[in-house]
Amino acid sequence: ELLTARFGDDDPRFPIMSGTCQVSENGTGTLVLKPLMSAIVISSITNSMERYRMVEEPELILVSPSFEAEILRESGFRPDSQETDSSSVRLSCDIGTFTQYPSARLFCYPNDDPGQTPTLCILRCTIDSTDVQYSMEMPRIKRNSAIDISLEISGTDSISYICH
């Protein structure tokens with residue numbers, strides 16, 4: 001379990017895969033490969049602020065994700081790298097009165113050890129010419145999983161989110 005992969009060397013289009021195999025007495029076995037990488041998917045963003053205030057230049061950033069993981073591990077992933085790198089995506093449109101469904105994906109390695117710092121998803125944007133930042137704590141991220149998030153912005157200091 002000490003063989004590790006580094007997030008910077010991985011590619012979501014062709015992810016690093018691994019698996020384990022039990023070989024039977026007759027010498028056959030089945031190897032099922034699974035990606036190490038996981039995704040956080042922003043399914044929807046709703047702007048419910050009063051007076052038609054636009055959420056402009058939205059950008060999502062993962063903070064404290066795992067950037068290094070043991071390839072053959074199935075659970076118990078914990079951030080063990082001191083990297084300060086991040087995973088980010090800029091959304092293609094501003095958020096006005098209509099809910100947006102960006103399906104934006106942020107990739108990271110799993111972080112499912114309850115004793116470790118959870119991964120945070122940060123939404124940075126501009127509202128009324130003021131830079132605003134919202135922080136959302138992610139649930140434990142398992143190997144080869146996707147966490148869908150629905151966001152609702154109700155003020156410059158108020159955001160609610162649901163993780164599916």
Side-chain angles (χ1 to χ4, degrees), residues 4-13 15-16 35-70 73-164:
T4 60
R6 295 184 51 76
F7 184 78
D9 297 331
D10 212 338
D11 184 339
R13 297 171 298 157
I16 293 173
L36 187 56
M37 189 175 285
S38 298
I40 293 174
V41 182
I42 307 303
S43 300
S44 66
I45 302 179
T46 302
N47 176 354
S48 62
M49 289 187 288
E50 296 176 358
R51 296 181 288 127
Y52 187 73
R53 297 164 71 194
M54 288 287 289
V55 176
E56 299 175 304
E57 301 176 14
E59 178 182 21
L60 294 154
I61 303 159
L62 287 185
V63 177
S64 301
S66 293
F67 282 106
E68 195 169 276
E70 295 154 336
R73 183 177 290 277
E74 288 296 320
S75 63
F77 289 96
R78 60 201 170 282
D80 57 0
S81 176
Q82 298 301 313
E83 289 188 49
T84 57
D85 206 0
S86 63
S87 179
S88 66
V89 63
R90 185 170 295 277
L91 301 184
S92 60
C93 60
D94 296 337
I95 300 130
T97 57
F98 298 106
T99 298
Q100 297 295 316
Y101 301 93
S103 295
R105 292 181 173 270
L106 294 158
F107 294 97
C108 63
Y109 278 167
N111 177 2
D112 65 357
D113 187 328
Q116 297 298 314
T117 303
T119 299
L120 297 176
C121 183
I122 305 292
L123 170 62
R124 287 187 187 158
C125 59
T126 303
I127 300 173
D128 297 334
S129 302
T130 303
D131 292 336
V132 179
Q133 180 171 300
Y134 304 97
S135 179
M136 299 160 281
E137 186 174 303
M138 296 295 97
R140 298 296 166 198
I141 303 167
K142 297 184 185 310
R143 179 185 180 140
N144 187 32
S145 65
I147 297 172
D148 289 323
I149 302 174
S150 299
L151 304 170
E152 181 176 355
I153 300 168
S154 54
T156 56
D157 60 352
S158 180
I159 190 169
S160 58
Y161 60 99
I162 299 172
C163 298
H164 314 276

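All residue numbers refer to positions in the sequence shown, counting from 1. Values below: every heavy atom of this structure, side chains too, minus hydrogens, waters and symmetry copies.
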Listing, residues 152-164 side-chain donor-acceptor contacts under 3.5 Å, not counting sequence neighbours, or none:
residue	atom	partner	partner atom	Å
Glu152	OE2	Ser48	OG	2.8
Ser154	OG	Ser158	OG	2.9
Tyr161	OH	Glu137	N	3.0
Tyr161	OH	Glu137	O	3.3
His164	NE2	Ser150	OG	3.2

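Counting heavy atoms from C-beta outward, Cys121 and Met136 have side chains that approach closer than 4.5 Å. Two residues are said to be in side-chain contact when any heavy atoms from C-beta on lie closer than 4.5 Å; Pro12 and Arg105 fail this criterion. With a 4.5 Å cut-off on side-chain heavy atoms, Met49 and Val55 count as touching. At a threshold of 4.5 Å between non-hydrogen side-chain atoms, the residues Ile40 and Leu62 count as touching.
Checked by atom type, the side-chain pair Asp112/Ser75 shows no donor-acceptor distance below 3.5 Å.
Under the side-chain hydrogen bond (donor to acceptor under 3.5 Å, both in side chains) criterion, Gln133 pairs with Arg124, not counting sequence neighbours. Partners of Thr97 according to the side chain to side chain contact (heavy atoms under 4.5 Å, CB included) rule, which considers only residues two or more places apart in sequence or in another chain, are Tyr52. Scanning for side-chain hydrogen bond (donor to acceptor under 3.5 Å, both in side chains) contacts around Arg140 gives an empty result, with sequence neighbours left out. A search for side chain to side chain contact (heavy atoms under 4.5 Å, CB included) contacts involving Asp94 returns Met54, Glu56, Pro58, not counting sequence neighbours.
Between Ile16 and Asp10, the closest heavy-atom pair is N-OD1, 2.9 Å. The two residues Phe77 and Arg143 have their closest heavy-atom pair at CE1-CB, 3.9 Å. In terms of heavy-atom proximity, Pro102 sits nearest to Leu91 at CB-CD2, 4.0 Å. In terms of heavy atoms, Pro35 sits closest to Asn144 at O-CB, 3.3 Å.
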From CA spacing to verdict: side-chain contact (heavy atoms from CB on, under 4.5 Å), Cys93, Gln100: CA-CA 8 Å; Cys93 60; Gln100 297 295 316; 3.2 Å; yes
Audit row: Thr119, Val63, side-chain contact (heavy atoms from CB on, under 4.5 Å) steps and yes/no: CA-CA 6 Å; Thr119 299; Val63 177; over 6 Å; no
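One finds the OG atom of Ser88 at 5.0 Å from the CD atom of Glu59 (value rounded to the nearest 0.5 Å). In this structure, the separation between CD1 on Ile147 and OG on Ser38 is 7.5 Å, given to the nearest 0.5 Å. Distance check, rounded to the nearest 0.5 Å: OG of Ser43 to CD1 of Ile149 gives 8.0 Å. Summarising the geometry, atom CG belonging to Leu151 is positioned 5.0 Å from atom CD1 belonging to Ile45; distances are rounded to the nearest 0.5 Å. Atoms CG and OG1, from Asn47 and Thr99 in turn, are 9.0 Å apart once rounded to the nearest 0.5 Å.
Between the Asp128 side chain and the Thr130 main chain, no donor and acceptor come within less than 3.5 Å of each other. Between the side chain of Asn111 and the main chain of Thr117, a donor-acceptor pair closer than 3.5 Å is present.
Sequence neighbours left out, the pairs with a member in residues 99-134 that pass ring pair (Phe, Tyr, Trp, His ring centres under 6.0 Å) are Phe7-Tyr109.
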